[in-house]
Each structure stands twice: as C-alpha cells, then as structure tokens.
Number of protein chains: 2
Amino acid sequence: MSAAETRTARAEATRAVIVDTALRMFREQGYEATTMRAIAREAGVATGNAYYYFGSKEELIQEFYTRNHAAHLAASRPVLDSETDLAARLRGVLRALVDINVPYHGFAAKLYSRAAEPSSPLSPFSPESSPTRDAAIALYAEVVDGAHLRVPAAVRERLPELLWLYSMGIVLFWVYDQSPGTERTYRLVDSTVPLAVRLIRLSRLRALGAVTRQVIAIVDDVRG
Amino acid sequence: MSAAETRTARAEATRAVIVDTALRMFREQGYEATTMRAIAREAGVATGNAYYYFGSKEELIQEFYTRNHAAHLAASRPVLDSETDLAARLRGVLRALVDINVPYHGFAAKLYSRAAEPSSPLSPFSPESSPTRDAAIALYAEVVDGAHLRVPAAVRERLPELLWLYSMGIVLFWVYDQSPGTERTYRLVDSTVPLAVRLIRLSRLRALGAVTRQVIAIVDDVRG
DNA sequence: AGGCAGACTTGAACATGTTCAAGAAATGCC
DNA sequence: GGCATTTCTTGAACATGTTCAAGTCTGCCT
C-alpha cells in the first residue's frame, strides 16, 4: 500500500535523522558528552521518541558498526579487484580498515571499549553481531580466495576467521595508538603482514606438519 | 603522633570498610546492580562520603586490581620456587592467574571491559596503572630469570614485557570464555605455552636471525 | 462519514552516578 | 583549656540514561 509505505517511510526517515544526528554528535563531541536529550533535540523529536527506535544509547553504536563495515567493504574493493598477491591484498584491506576508522579515532575508542564486554550485544562475538561478523569474515575469505596461495586445506579453511581475528587485534592496537594520524598502526600493518603471510606459507612444509596440526587443534578447540 | 595516627587509622578503616563492602557486593550482585548508595548504606557512611575516598565508582575497581595482583603473586610463589623449566614456570604462573580470577568471572568481565578504554585510568597502559603493570612485568622477569634458557640478549631483555602481553591475551580470552570452570582457558594455556617456549627457543638459531631481528624491530616500534 | 486499531510521539517521572555547600570532628598551637 | 586549621562527613541537589502512561496521527473498515 502506498499509504502504508508513506507511513513507514516517514518513520524510517525519523529513524535515519536520529542516527545521523547521533553519529555526527558523537564524532564532534564524543560519546559521553552527547546526551540523549541533545540528540533528540537536534533531531527535532522528543527524548522518549529516540527510545522508540533505539532501545538504548548503546544501540546507536550498532548502527555505527553497520555503516563502518559497509565503508570498509567499499574501501577494500579497489585492492581486492586489482591485486592477486596475498600480502598485498591483506595489507590493502587492513589499511583500508584503519583508513575508514581514522576520522572516528578518539570516540571510536569509547565505542569499542563498550564492545569489550562479553555480555554486551555490541561484543563482536555476540549473537547480535553475528551478521556483521559473518560479513567481515566473508571479506577475509575473499582476500584469501582471490590470491594465489598453496596451503593445506585445513589451513585454508580456517584462514578467513584467523585473519578476521588478526584484524581485530589491529583494531585493538589502533584504539590505543596515540601517534599522529595513528601512523604506528599503519606501520604495524606493514610490518606484520609479511610475517603473517610467511607464517601461513610455512604451513606447506612437511617438516612443520606436526606444528601445523598442533596449531590447528588449538584453533579448533578455542572456537568451541 | 599517636593522636594523628589514630585519626589516620580511623579514616583508613573507613576506607577499607568501603572497599570491602563494595567488592563483596560487586561479587554477589554484579557491578551495575550495586549502587553507590547501597555500598555507602551497607558500609555505614553517607553516600557522599564514599566520594571522599574514591573519586568514582570505577576507582573502586583499581583497588580490585591491586588486591588481584597481590593474590597472583602469592599463588605464583610455589611454582616459581620449585620449577626451573621455562615452560613449567610460565604455565604455572598463567594457571595461577586464571585460578585467582575464577571466583570473579562474570563480574570481572565488566571490570576488565571498563579497562579497555584507552583514556580510562583503569587501562593497563595508563599512567595510573603503571605500578601494577610494572609489578606484573617484574613477575614475568622472575619467570624468565629463574629458568635455564639460552637466547640472544636482545630477546631475553624483551621477554618479560612480551610474556606480560601474552598473559593479557590469556585474560582477554578468559573474559570471553563461557565454558564451565573456564576450562577452555586452562586448555589454551596448556596448549600455547609449549608453542610459545618453542618459538622463544628458536630465536637461538642462526638461520632465523633475520626473522628474529625483524620481530624485535616490530616490538620496539610498537612499544614506542 | 464515523470510528477503530495500530503506529508513532510526547514529556514528566524515576534511578543512579556525581557534586557541593555546609557542618562536625579531630588536630595543632598558644 | 580555647581557638584556628585541617580532615572528614553529610544529605540535598543536579545531570543523564531510561521508562511509561497518555495522547496524537494514519490508514482501513463498515
């Protein structure tokens, strides 16, 4: 129904205005300094109305994650479409991840620290984050699939998830990185990617079969 | 002055009562469910009085860390005094770390997630945490020093800090570990310690000198 | 048209972390 | 002992996240 659609569209617009306002204010003034009252006021709605669309202030962050991942995906496209070397692909995707986050450094830190709580829906391991997480892992699957790489199937299978975990480590470092332009994080990416790729390639060696199997066993145990 | 001491002692006692009450209530009911008003009431002081001793609710957590480290130190003593094998020492100290934390699993998660925020004084990298951090690193220095281990000086120097970082990773995993008795974390310790020690020992090999130097360069860059 | 159901909106009310001006208690000094 | 200073102690007041009962609007049905 066009009428129903109009109606829904209106509400959808209100929702969008609230998100836009909130994320802009978070970026400009920080997470804590931005009150729900201020968000509602600037968005032109009543305080309580924001709670009709978002169960809590934290839920607004989930929205940030979603947009963030979309931006990461877009920023990764060029390198994924042009490079075939694993190191180059991985490096490009990780640098893209930092790139799109840089404008949010400082306030992103607060957001991500909220995500550190295991019981929080914002946790990257929570069921609520499952779609975003799966999408992110799929991105690293593409990193691997588009590269020329000869490794045991057991390794290849687990690689996307491992690389995603690796990217989480980079983000964790980035959160703490106070260097100008977070250049240290960029250097960390540049210096660890070759090591990681070398390590992955080593899994081909017969002599290291025992170690490889051991590592895989640990990974599987950890995944539960 | 006995009078002055009495006075100070009284205040010190009040402070202690507040901490004890707070930590007990945190353990019994969780961090969020425990209000400052409730803590003050049970401790027998006015709400505002708690703020005379602790600038914020979070500051009470710092106290938890301090006690926690003391407990870790005590729990590590036996293995440090009896074992000389690096793997055994490291394993013992890491298991001790999990041991003493286990009773607090669930509420410790909230505490540690607060610590994830870089600007927070609770962050393990913050100036405020410096004493606790240094003490913890000193513990891992003892782990290394008491073991028979032949590795390059450059590696040995950086080992305590690296092992501390490793222990932080274990704690991070533990926080997310929902297995009964957090047995998965114990398994992670048992399975990764031999790998870590093997890796450390590999640094002796001439053939890996280039890699070792590269890793050390990264570590130094990261430390800033 | 009248009115009904559901989707949306509102602003006051509530709980909790935190601050603060005022007061009480203890200490030091004569 | 009496006064000035410092060290606590108090409870009300404030800001903010969140809830909720009540109201408004929209589209649909008869």
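In what follows, every chain begins at residue 1, and chains take the letters A, B, ... in the order their sequences are listed.
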So, does A:Tyr52 get its side chain near the phosphate of D:dC20, meaning an N or O under 4.0 Å from OP1 or OP2? no

Just how far, in rounded Å, is P of D:dT16 from CG of A:Leu60? 16 Å

Considering every strand and a 4.0 Å limit on heavy-atom distances, what is the contact class for A:Phe54: base, sugar-phosphate, or nothing? nothing

With rounding to the nearest 0.5 Å, note down the distance linking OH in B:Tyr65 to OG in B:Ser129. 7.5 Å

Do A:Val93 and A:Leu163 have side chains that get closer than 4.5 Å, going by heavy atoms? no

I need the OH-C1' distance between A:Tyr51 and C:dA15, as an integer number of Å. 13 Å

Any A:Thr35 side-chain N or O less than 4.0 Å from OP1/OP2 of D:dA15: no

For the side chain of A:Met36, starting at C-beta, report the closest nucleotide among D:dC8, D:dG17, C:dT18. D:dG17

Apply ring-ring contact (aromatic ring centres under 6.0 Å, His included) to A:Tyr166 and A:Tyr140, showing your working. CA-CA 10 Å; A:Tyr166 173 28; A:Tyr140 292 99; 8.5 Å; no

Mapping A:Thr14 and B:Gly48 onto DNA chain C by nearest heavy atom, which one lands closer to the 5' end? A:Thr14

Among C:dT16, D:dC8, C:dG11, find the nucleotide with the atom closest to the side chain of B:Arg37. C:dT16

Is any side-chain nitrogen or oxygen of A:Tyr53 closer than 4.0 Å to OP1 or OP2 of C:dT9? yes

Relative to A:Tyr31, does A:Lys57 satisfy both conditions: NZ or CZ under 6.0 angstrom from the six-membered ring centre, and within 45 degrees of the ring's axis? yes

